[in-house]
Amino acid sequence: MGRGKTVINFSWMLASLIGVGQSFAADAGKQHFVDIKTVAHQVQYDIRYAGTNNFVGQTIDGYLSQKCFIHRDALPAIKNMVNELAAQNMTLKFFDCYRPEKAVAHFMRWARDADDIKTKEQYYPNLPKSALVGPYIAERSGHSRGFSIDVTLVKLDQHGEYQELDMGSAYDLFDPISNTDNPAINERQQANRTLLKNLMKTHGFTDYPMEWWHFSYASISDHQKQQYYNFNVQ
């Protein structure tokens with residue numbers, strides 16, 4: 001058997017290492033997160049930004065599937081809430097959880113495009129688009145840290161189907177009526193908002209008064225407050 005020279009293809013090895021590095025960078029931080037439904041099967045999802053039923057009117061950058069990730073440190077609080085609600089034939093319905101920074105950038109591009117107002121009637125009928133940045137759309141979002149959620153309550157009806165409680169305004173309706181304590185809603189709607197707010201507060205989440213659906217887990221470190229992520233929702 002003759003001796004042959006072993007030829008090492010360094011270019012292939014380099015390309016492979018680069019590919020691994022790029023993959024790791026794209027998923028940086030994902031190991032800290034859990035898709036809520038994998039550990040709390042009762043919850044409901046309506047991840048609006050993974051489709052076109054949202055204020056931008058198109059699928060948002062970074063949303064590749066109907067999943068809802070949250071930082072592992074906030075997961076026990078979510079599980080406790082789900083268990084508490086189950087005794088009342090209720091559960092949580094999530095509209096959004098972790099949000100990649102690329103999605104936030106997509107929102108900002110939309111917000112700065114004054115000519116794109118095709119969703120105005122449905123999502124911000126009483127406000128100029130220019131007024132949305134700040135109160136409703138931020139250049140950096142707490143969602144990108146993995147500790148903020150957009151959520152509502154649903155309850156089993158007589159047919160065994162979950163129905164949303166009436167909160168007095170639709171999700172992502174950028175309008176004063178979506179402010180948690182807006183006096184224009186009726187008593188039942190206010191009671192439902194208060195029920196959601198108190199549940200979240202009991203389990204360590206603070207509310208955002210401008211949006212009845214938005215809550216953030218409060219018990220996070222200074223490092224976590226400065227950490228934003230950009231991996232895809234998939």
Side-chain angles (χ1 to χ4, degrees), residues 25-50 54 60-85 91-108 133-153 167 171-172 174 178-180 193 195-234:
D27 288 336
K30 193 173 182 180
Q31 72 273 15
H32 301 304
F33 289 75
V34 178
D35 180 11
I36 294 174
K37 222 172 194 180
T38 62
V39 294
H41 309 294
Q42 308 97 313
V43 303
Q44 304 287 297
Y45 282 178
D46 183 9
I47 311 302
R48 300 289 183 87
Y49 304 142
N54 57 64
I60 304 304
D61 292 351
Y63 285 84
L64 305 185
S65 61
Q66 286 270 338
K67 292 185 178 182
C68 203
F69 289 101
I70 196 166
H71 197 284
R72 290 180 182 276
D73 288 358
L75 189 61
I78 297 291
K79 292 172 67 176
N80 289 338
M81 277 191 280
V82 172
N83 291 337
E84 180 178 327
L85 288 169
T91 194
L92 299 171
K93 183 175 186 177
F94 293 92
F95 299 113
D96 193 33
C97 301
Y98 157 73
R99 181 182 304 163
E101 285 206 289
K102 66 188 76 176
V104 178
H106 192 166
F107 290 169
M108 290 303 300
V133 175
Y136 299 104
I137 301 174
E139 293 190 16
R140 298 203 89 176
S141 172
H143 283 276
S144 300
R145 295 194 292 246
F147 290 98
S148 294
I149 54 176
D150 292 343
V151 65
T152 192
L153 294 171
M167 295 294 181
Y171 169 63
D172 264 359
F174 303 140
S178 294
N179 300 169
T180 304
R193 290 187 184 186
L195 178 64
L196 176 61
K197 178 180 175 180
N198 288 346
L199 174 75
M200 291 288 162
K201 182 178 180 180
T202 298
H203 292 277
F205 284 80
T206 58
D207 70 299
Y208 177 52
M210 298 286 289
E211 300 171 342
W212 60 259
W213 56 81
H214 180 97
F215 299 88
S216 296
Y217 191 61
S219 298
I220 65 176
S221 68
D222 289 339
H223 171 73
Q224 289 169 328
K225 291 177 182 177
Q226 302 302 319
Q227 185 66 59
Y228 296 83
Y229 298 94
N230 200 34
F231 62 86
N232 290 331
V233 177
Q234 64 179 341

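Counting begins at 1 with the first residue of the sequence.
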Plane angle bin for Phe95 and Trp212 - parallel if under 30°, tilted between 30 and 60°, otherwise perpendicular | perpendicular
Would you name the heavy atoms of Ala50 and Tyr63 that are closest together and state the gap between them?
-> CA-CB, 3.7 Å
Within the side chain of Gln66, is there an N or O that forms a donor-acceptor pair under 3.5 Å with the backbone of Ile47?
-> yes
Do side-chain atoms of Arg99 reach the backbone of Gly62 as a donor and acceptor pair under 3.5 angstrom?
-> no
Correct closest heavy-atom pair for Phe94 and Cys68 would be CB-SG, 3.7 Å
Quick one: CG on Leu195 to CE on Met200, what's the gap to the nearest 0.5 Å?
-> 10.0 Å
For the residue pair Phe147 and Tyr217, categorise the inter-ring angle as parallel (less than 30°), tilted (30 to 60°) or perpendicular (more than 60°).
-> parallel
His143 side chain vs Ser148 backbone, donor-acceptor pair below 3.5 Å = yes
On a heavy-atom basis, the closest approach of Leu196 and Thr152 is CD2-CA, 4.2 Å
Nearest-0.5 Å distance, CG of residue Asn230 to NZ of residue Lys102 = 4.5 Å
Short side-chain to backbone donor-acceptor contact, Gln224 and Ser221, under 3.5 Å = yes
With no hydrogens and no angle check, is any side-chain donor or acceptor of Arg193 less than 3.5 Å from a backbone partner on Met167?
-> yes
May I ask you to decide if Lys201's main-chain N or O and Asp207's side chain share a donor-acceptor pair within less than 3.5 Å?
-> no
The reported gap from CD1 in Ile70 to SG in Cys97 (rounded to nearest 0.5 angstrom) is 6.0 Å
Qualifying residue for side-chain contact (heavy atoms from CB on, under 4.5 Å) with Tyr171, from Asp96, Val151, Asp46, Asn54 = Asp96
Is the side chain of Thr202 donor-acceptor paired with the backbone N or O of Asn198 at a distance under 3.5 Å, no angle test?
-> yes
Verdict with reasoning, Leu153 to Leu85, per side-chain contact (heavy atoms from CB on, under 4.5 Å) = CA-CA 9 Å; Leu153 294 171; Leu85 288 169; 3.8 Å; yes
Atom OG1 in Thr91, atom CG in Asn83: separation rounded to 0.5 Å?
-> 9.5 Å
Identify the heavy atoms of Ala138 and Val104 that sit nearest to each other, and give their distance.
-> O-CG1, 3.3 Å
Hey, what do you get for NE2 (His214) to CG (Asp150), rounding to the nearest 0.5 Å?
-> 6.5 Å
Compare every heavy atom of Arg145 with every heavy atom of Tyr229, then report the nearest pair and how far apart it is.
-> CE1-O, 3.8 Å
Assign the ring pair Phe107 / Tyr49 to parallel, tilted or perpendicular, where the plane angle (0 to 90°) is split at 30° and 60°.
-> perpendicular
At what distance, to the nearest 0.5 angstrom, does CH2 of Trp213 lie from OG1 of Thr180?
-> 8.5 Å
What's the shortest heavy-atom distance between Tyr45 and Lys37, and which atoms?
-> OH-N, 2.8 Å
Glu211/Ser178 under side-chain contact (heavy atoms from CB on, under 4.5 Å): CA gap, chis, key distance, verdict = CA-CA 5 Å; Glu211 300 171 342; Ser178 294; 5.7 Å; no
Derivation and outcome, side-chain contact (heavy atoms from CB on, under 4.5 Å), residues Ile149 and Ile78 = CA-CA 10 Å; Ile149 54 176; Ile78 297 291; 4.1 Å; yes
Compare all side-chain heavy atoms of Pro100 with those of Asp61 and state whether any distance is below 4.5 angstrom.
-> no
Any donor-acceptor pair under 3.5 Å from Asp35 side chain to Phe69 backbone | no
Could you verify whether a donor N or O on one side chain and an acceptor N or O on the other, from Lys30 and Asn232, lie under 3.5 Å apart?
-> no
Side chains of His203 and Glu84: do they bring a donor and an acceptor to under 3.5 Å?
-> yes
